[in-house]
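The sequence lines fix the lettering, A, B, ..., with proteins before strands; numbering per chain opens at 1. What you see is a predicted model; the values in this text were computed from it and never measured. Quick note: numbers below take in every heavy atom, side chains included, and nothing from hydrogens, waters or symmetry partners.
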Amino acid sequence: MAQTQQALILLPKMVKSPPLKALSLFTSSALQGFQHTHQSISFILHLLISSNLFSHSQSLLLKLISGQISSSSFTPSSLFHELTQPHLDSFPTHVLIHEAIINAHVRSQLPEQALFYFNQMIGRGLVPGSNTFNNLLILLIKSNFFEKAWRVFNETKGNVKLDVYSFGIMIKGCCEVGYLDKGFEVLGQMEEMGLSPNVVVYTTLIDGCCKNGDIERGKQLFYKMGELDVVANQYTYTVLINGFFKMGLKKDGIELYEKMKLTGIVPNVYTYNSMICRCCNDGKLNNAFELFDEMRERGVACNVVTYNTLIGGLCQERRVLEAERLMCRMKRDGLSPNLISYNTLIDGYCSIGNLDKASSLFNQMKSSGQSPSLATYNILIAGFSEAKNSAGVTDMVREMEARGLSPSKVTYTILMDALVRSDNIEKAFQIYSSMEKAGLVADIYIYGVLIHGLCVVGDMKEASKLFKSLDEMHLKPNDVIYNTMIYGYCKEGSSYRALRLLKEMGENGMVPNVASYNSTIQILCKDEKWTEAEVLLKDMIELGLKPSISIWNMISKARFDNV
DNA sequence: GTAGGGTTAG
């Protein structure tokens, strides 16, 4: 009570001072534990805003939201309610107060509250500037409230000042949640409003096309921007080149890369990294290193990603020693290996079965100040289980949990897979139920491991039951699962079941592996279902797969007998 | 400090 009085005593003094002096009176008294009131805060905020001291009003609001400045006479929300009441204030200040409150909630990462004050502002017929609106959109999208962002965008776009950024932000949001059509819709709205999309907007949407698997539309947009004289830049080319590569369209990617250089757009580190990554994935390490040299010649500085990509490429070719040497070179180059560098190299050593080296790198990583992630543990756990070192596995799981990291679905997959591979299907199911108890929902990989386990032990009844239940769970079986089921059916001699799944794979756009063809044909032959066997044989040859010798023997014998 | 690109793990 006494303190409230003090604050009231302070008010006349603040009124008489210039804005910054008044503010310092306010903050120093607040720090001394003064209980401020609606009046004193309202006064100081209005003063700061009407004097254009926005950063000061902003930091004051942030302190109020975070509770750094508090008072027993109000809560932040009662205060903001009071502040935004329509009263006799001059109109511009009222707009600015609303905006300041919305911005402060945005900066405090409080999407729901920011949205609340935004809606209140619109409801009062006030028009927020595009900055305020755009920042709100960004926060909503970043906080996974895309639907809210979409609704706000569409419901209020007539009452807000929109600019190119607003549309760009919204398009990016659409692409991120996979609503490509909506992204194009926004582009259309933008054009209708007479705003010309710039290169950033086009690049964002082209990237969205690539990431959502619709490279064709991305390509069309690229042409469209050319027709509209919007000049593609390094970003645009890199996005599309990478998109081509991701879709396996190697030729188009390289062609565009050449076109980029011809047009005089210089490839930068992103472009090179994308190119190098493609070479590595194709196992063309020589080309990758040629590009690496070319970068140096052209003065494009490589970065951690460049090195990581090359380290990964070498590891995939099992050239792990060279990968480690490259990591040393990276350090000499003044770049510190990051989490991905270590994870990649540790995985490399695990894959050649050198767990000692993997462990020592793991220690090196920790002593260099890089903290292991869940992925690091998963890699090591996979390495130890592959090496059938169960003590190593247990240690890793223990250390991981001691660090406060809980096993992820990937961890469970690895553990269950190891058990299945050592014929311990019951234990695998036990792990499966402990996973469910931990609140994790099994995904297609987990079911893949379980189905594999059931097929290995020959329990096709259970395997088929599980396989059929995938559909009810809205999970699409992947090619691994199909191949596993086919393997299981062949083993038990159910040729027609295997054949049906083989066809189903094709209908779903998957290519069965050689083993599936070989074993299905084999049992079809055994059942003397020659016509079906011949058809499959033709299919597999067309796909470029090599039938096994025994199949040739069986088939040619049948042909001979029939003649 | 409002929108755009590249690398790892089942």
Tell me: [atom1] of [X] to [atom2] of [N], nearest whole Å?
X	N	atom1	atom2	answer
E317(A)	dT8(B)	CD	C1'	16 Å
L380(A)	dG10(B)	CG	P	13 Å
L139(A)	dG1(B)	CG	P	18 Å
M396(A)	dA9(B)	CE	C1'	15 Å
I265(A)	dG4(B)	CD1	C1'	15 Å
K142(A)	dG1(B)	NZ	C1'	11 Å
R278(A)	dG5(B)	CZ	P	19 Å
I241(A)	dG5(B)	CD1	P	15 Å

Which residues within [range] lie with some heavy atom under 4.0 Å of an atom in DNA chain B?
range	value
residues 345-377 of chain A	D347(A), A375(A)
residues 209-222 of chain A	K211(A)
residues 175-201 of chain A	N198(A), V199(A), V200(A), V201(A)
residues 437-448 of chain A	D443(A), Y445(A)
residues 280-305 of chain A	N303(A), V305(A)

[X]: partners by side chain to side chain contact (heavy atoms under 4.5 Å, CB included), with sequence neighbours left out:
X	value
D214(A)	L180(A), E216(A), R217(A)
S385(A)	I381(A), V393(A), I414(A), A418(A)
I340(A)	N308(A), N338(A), T344(A)
S469(A)	L466(A), E472(A), M473(A)

Quiz item: N134(A) side-chain donor-acceptor pair to dT2(B) base, under 3.5 Å | yes
Kindly say whether, by distance alone, the side chain of T238(A) makes a donor-acceptor pair under 3.5 Å with the base of dG5(B)?
->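 Yes.
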Give [X] one of three labels, base, sugar-phosphate or nothing, depending on what nucleic acid heavy atoms sit under 4.0 Å from its own.
X	answer
K246(A)	sugar-phosphate
N378(A)	nothing
N338(A)	nothing
I340(A)	base
N343(A)	base

Between the side chains of T203(A) and T236(A), does any donor sit under 3.5 Å from an acceptor?
->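 Judged by distance alone, the side chains do pair up.
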Under 3.5 Å side-chain donor-acceptor pair for N513(A) and S516(A) =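 Short answer, yes.
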Which nucleotide in dT7(B), dG4(B), dT2(B) has an atom nearest any side-chain atom of N308(A) | dT7(B)
Strictly below 4.0 Å, N to O, side chains only: are [X] and [Y] in salt-bridge contact?
X	Y	value
K357(A)	E324(A)	yes
E176(A)	K211(A)	no
E147(A)	R151(A)	no

Heavy-atom count around [X] [atom1] within 6.0 Å, excluding the residue itself: above 12?
X	atom1	answer
Q58(A)	CD	yes
H56(A)	NE2	no
K409(A)	NZ	yes
K261(A)	NZ	yes

Return no unless some side-chain N or O of K172(A) is found under 4.0 Å from OP1 or OP2 of dG5(B).
-> yes
Exercise answer: donor-acceptor pairs, residues 286-302 of chain A side-chain atoms, under 3.5 Å, sequence neighbours excluded:
| residue | atom | partner | partner atom | Å |
| --- | --- | --- | --- | --- |
| E294(A) | OE2 | Y272(A) | OH | 2.8 |
| R296(A) | NH2 | Y307(A) | OH | 3.4 |
| R296(A) | NH2 | D333(A) | OD2 | 2.9 |

Euclidean distance, I138(A) CD1 relative to Y165(A) OH, rounded to 0.5 Å |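 Output value for this atom pair is 10.0 Å.
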Please set out all donor-acceptor pairs under 3.5 angstrom arising from side-chain atoms of residues 238-253 of chain A, sequence neighbours excluded.
| residue | atom | partner | partner atom | Å |
| --- | --- | --- | --- | --- |
| T238(A) | OG1 | Q234(A) | O | 2.6 |
| T238(A) | OG1 | T271(A) | OG1 | 3.0 |
| N242(A) | OD1 | S274(A) | OG | 2.6 |

Could you check whether Y165(A) and the base of dA3(B) form a stacked pair, meaning centres closer than 5.5 Å and planes differing by less than 30°?
-> no
Which side-chain N or O atoms in residues 395-404 of chain A pair as donor and acceptor under 3.5 Å with protein atoms at least two apart or in another chain?
| residue | atom | partner | partner atom | Å |
| --- | --- | --- | --- | --- |
| E399(A) | OE2 | K366(A) | NZ | 2.8 |
| E399(A) | OE2 | Y377(A) | OH | 2.9 |
| R403(A) | NE | Y377(A) | OH | 2.9 |

